[in-house]
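Down below is the structure, laid out as structure tokens.
Every chain is numbered from 1 and lettered A, B, ... according to where its sequence line falls, protein lines coming before strand lines. Remember, predicted model here, so these are calculated numbers, not experimental data.
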Amino acid sequence: MEPLPRSFYEKEPDEVAEKLLGKLLVRLYEGRRLSGIIVETEAYYGELDPASRASRRGGLAKIMRGEAGMALVYGIHGRWLFNVVAHKSKGIGGVLIRALKPMDGLEVMMNLRGTRNVELIASGPGRLTQAMAINKWVHGKPVYIRAHGLWIEDMKGDVKVARSRRVGVTEDLPIPLRFYVEGCPYVSKVRSSRGVHPS
DNA sequence: CGCCAGATTGACT
DNA sequence: GTCAATCTGGCGG
């Protein structure tokens with residue numbers, strides 16, 4: 001199946017985040033195909049969004065203002081987080097991919113993660129990048145072509161979308177910007193103390 | 001350059 | 001439930 005076109009990402013971040021649910025993230029790793037269905041995302045905006053790196057003045061903000069459909073890989077707490085730049089023309093924004101349902105290359109992903117528990121393979125932003133060998137190397141590369149071994153394909157079939165506040169951010173916007181597949185066991189488990197009550 | 005917060009995780013009491 | 005390992009990028013000096 002062909003990768004989703006660049007135009008798919010040229011929309012408001014929350015719309016892209018929601019529509020990415022149910023799509024297939026594919027990674028070529030040492031000649032093998034790793035893939036997983038996207039089951040959890042979060043939208044990030046520009047200066048008005050206190051949780052977004054675009055609200056600071058660094059290189060990440062520059063990329064979030066740049067071409068839509070580019071991979072943005074962000075390091076935090078010793079892990080890599082994978083985002084796709086998404087915004088309308090002249091806008092700023094991105095979508096954080098937070099969890100996958102593993103599909104192709106399960107054995108390889110289990111080895112990369114060091115666990116055989118399928119629900120723990122990619123149920124979190126840091127876990128997902130480890131399972132798919134996503135690192136700084138793909139930073140700034142387009143995900144709407146196959147050339148760099150990382151892309152997102154369309155998938156048929158609808159998913160039941162739920163939304164909530166974003167996870168882990170210290171200062172969130174009053175709007176729920178996290179999207180996930182209702183009842184899906186591959187969605188990251190949110191720590192109890194930080195309430196993610198749907199709102 | 002050094003400092004340190006942070007879109008996390010997993011190990012431990 | 002609590003805690004800290006881990007490391008990049010922003011920011012101050």
**Asked** Can you tell which of C:dC11, B:dA7, B:dG10 lies closest to the side chain of A:V169?
**Response** B:dA7
Nucleotides 6-8 of chain C: which of its N/O atoms have a protein N/O under 3.5 Å away?
from, atom 1, to, atom 2, distance (Å)
C:dT6, O2, A:H77, O, 3.3

**4.5 Å side-chain heavy-atom contact, A:E2 and A:D154** = no
**Request:** Using the side chain to side chain contact (heavy atoms under 4.5 Å, CB included) rule, take A:M132 and A:Y29 through it: C-alpha gap first, then chi angles, then the decisive distance, then the call.
**Result:** CA-CA 8 Å; A:M132 297 213 119; A:Y29 172 68; over 6 Å; no
**Gap in Å between the two C1' atoms, one belonging to C:dA4 and one to B:dC4, rounded** = 15 Å
**Request:** Determine the contact category for A:S52: base if any of its heavy atoms lies under 4.0 Å from a base atom, sugar-phosphate if only primed atoms, P, OP1 or OP2 are that close, otherwise nothing.
**Result:** nothing
**Message:** Just so I know, are the side chains of A:R146 and A:P3 near enough to count as touching, which here means a heavy-atom distance under 4.5 Å?
**Reply:** yes
**Request:** Would you mind reading off the distance between A:R57 atom CZ and C:dG9 atom C1', rounded to a whole angstrom?
**Result:** 14 Å
**Request:** Let me know the distance between CD of A:E40 and C1' of B:dT8, rounded to the nearest Å.
**Result:** 13 Å
**Nearest listed nucleotide, side chain of A:R127, among C:dG10, B:dG10, B:dG6** = B:dG10
**Prompt:** In the strands shown, is B:dA7 matched to any nucleotide by a Watson-Crick or G-U wobble pair with both distances under 3.5 Å, and which?
**Reply:** none
**Prompt:** Rounding to a whole Å, what distance do you find between A:I134:CD1 and B:dA7:P?
**Reply:** 19 Å
**Asked** Taking atom types as they are modelled, is there a donor-acceptor pair under 3.5 Å from the base of C:dG12 to the side chain of A:R56?
**Response** no
**Prompt:** Closer than 4.0 Å, any side-chain N/O of A:R98 to the OP1 or OP2 of B:dT8?
**Reply:** yes
**Prompt:** Considering Watson-Crick and G-U wobble pairs with both distances under 3.5 Å, what does C:dT6 pair with?
**Reply:** none
**Prompt:** Taking C-beta and beyond as the side chain, do A:E42 and A:V167 meet within less than 4.5 Å on heavy atoms?
**Reply:** yes
**Side-chain heavy atoms of A:L128 within contact of A:R98, under 4.5 Å** = no
**Fill in**
A:I63 atom CD1 is separated from C:dG9 atom C1', nearest whole Å, by 12 Å
**Request:** State, with a plain yes or no, whether a side-chain heavy atom of A:V190 is found less than 4.5 Å away from one of A:R178.
**Result:** yes
**Request:** Rounded off to whole Å, could you give me the CG-to-C1' distance for the A:L81 and B:dA5 pair?
**Result:** 14 Å
**Request:** Take the protein atom CG of A:D172 and the nucleotide atom P of B:dG6, then report the distance between them rounded to whole Å.
**Result:** 14 Å
**Request:** Considering non-hydrogen atoms only, spot the tightest contact between A:S188 and A:E40 and give its length.
**Result:** N-OE1, 2.8 Å
**Request:** Calculate the interatomic distance between A:R113 atom CZ and B:dT9 atom C1'; express it in whole Å.
**Result:** 9 Å
**Request:** Give the rounded distance in Å between these two atoms: CG of A:L60 and P of C:dC11.
**Result:** 11 Å
**Request:** Would you mind classifying the nucleic acid contact of A:R53 as base, sugar-phosphate or nothing, using non-hydrogen atoms under 4.0 angstrom?
**Result:** base
